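See below for the structure under consideration.
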Amino acid sequence: SNAIQNALDADTYYVGMLRGEYLHMELFYDDGEFFSGMDIPLKDTLAGIVLNKGESLLISDLVSERKKKNLPFIIVGRPRISSSWMGTPLRTNGSVVGLIAVASYQKYVFDHGDLDLLENIAQQAQLALDNAGRHAEVETRSQHDSLTNVLNHNAFLLRLERMVHETTEQKIPLSLIMLDVDQFKHYNDRYGHLTGDKVLTDLCQVIRRNINKGDLVGRWGGEEFVIALPNATARQAYMVAERIRKLLEGCIICDRENNSIPAPTICQGIAEYQVLLGDYINLVDAADQQLYVAKNRGHGEIEPALGYSSD
């Protein structure tokens, strides 16, 4: 924003990021005022031309060119028509992901030197985007388990702490499932660690298929996993646990010789935050205690949250 204002005589400018058939305005300034982010359709827009061609565009007399070439346009921001316009694409990793555009209410404000300046600004923005993307990738890897790609222990606890705070403010339920693969060491010893690894990755895939996008899955340690279900009661969490148990039992597992072997069973313990007095650590501890009860009963068991019945 500062670079554009310092380098170019623009009445309006924006940075837009591509979202399917829409352009999301990350930054939008028009005649002294910043507007909040909005999505505009790309069809029949100058931005759409820039993004589709992947090339910069300079129009010195927009009113005249519109009449000659029947150029598309959509008015956003203030109800005024720009008279000169230029835009240049933004790229990350070689792909067009958005654009920077500037405009003026006067004709012939911009020339090719101004377009070169805008392209230089775009190159600096692209470097920032690439750096942010690499940082986000490293950050994501540091928070996820390398084998199963679910959250690691520490990352799960940090997310859970925020989730408990949010659900408390919103006064909605929050349930937790702690699960453990039965006799996993014997399973590993008999069929090999590669088979054991596949069991864990298959288990996480089963979990993901049975939870919502906003739910959390974490590897607590070894063959033990934890699932946070915001806006889910203990009864609803039990239904999720039952689906996971049944689907895992139906998984086709093969050993190193590609022979079919029995799928492992899991035990699960459930806790609901609303029935507890304490913080997120107490919630985890309560689910862990219920898991301990389930494992003492045998294999493939589910222990519902305290005060709830599976009947």
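Since we're looking at a predicted model, the values are computed, not measured.
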Is it the case that over 12 heavy atoms from other parts of the model lie below 6.0 angstrom from the CE atom of M38?
yes
Students often mix this up, so state it plainly: with edges at 30° and 60°, are the rings of Y13 and F34 parallel, tilted or perpendicular?
perpendicular
Cation-pi between R219 and F156: NZ/CZ under 6.0 Å from ring centre and within 45° of the ring axis?
no
Pair Q289, D285: side-chain N/O donor-acceptor within cut-off below 3.5 Å
yes
Residues in side chain to side chain contact (heavy atoms under 4.5 Å, CB included) contact with R245, at least two apart in sequence or another chain
E242, E249, Q268, I302
Determine which pairs satisfy salt bridge (Lys or Arg N to Asp or Glu O under 4.0 Å) with at least one residue from residues 167-183, sequence neighbours left out, and list them in order.
D180-K295, D182-K295
Can you sort out the partners of F28 under ring pair (Phe, Tyr, Trp, His ring centres under 6.0 Å), two or more places apart, ordered by chain and number?
F35
Any side-chain heavy-atom pair of V240 and R243 under 4.5 Å:
yes
Could you give me the CA-CA distance, side-chain angles and deciding distance for S104 and F110, then say whether side chain to side chain contact (heavy atoms under 4.5 Å, CB included) is met?
CA-CA 8 Å; S104 173; F110 310 120; 4.1 Å; yes
Verify the neighbour count for atom CD of E21: are there more than 12 heavy atoms of other residues, nucleotides or ligands below 6.0 Å?
no
Between T168 and Y273, does a side chain to side chain contact (heavy atoms under 4.5 Å, CB included) hold up when you go through it step by step?
CA-CA 9 Å; T168 300; Y273 181 71; 3.4 Å; yes
Flag yes if more than 12 heavy atoms outside H165 fall under 6.0 Å of its NE2 atom; otherwise flag no.
no
Residue H153 excluded, over 12 heavy atoms near NE2 under 6.0 Å:
yes
What are the two closest non-hydrogen atoms of G196 and N188, and how far apart are they?
CA-OD1, 3.1 Å
Does R297 CZ have over 12 foreign heavy atoms under 6.0 Å away?
yes
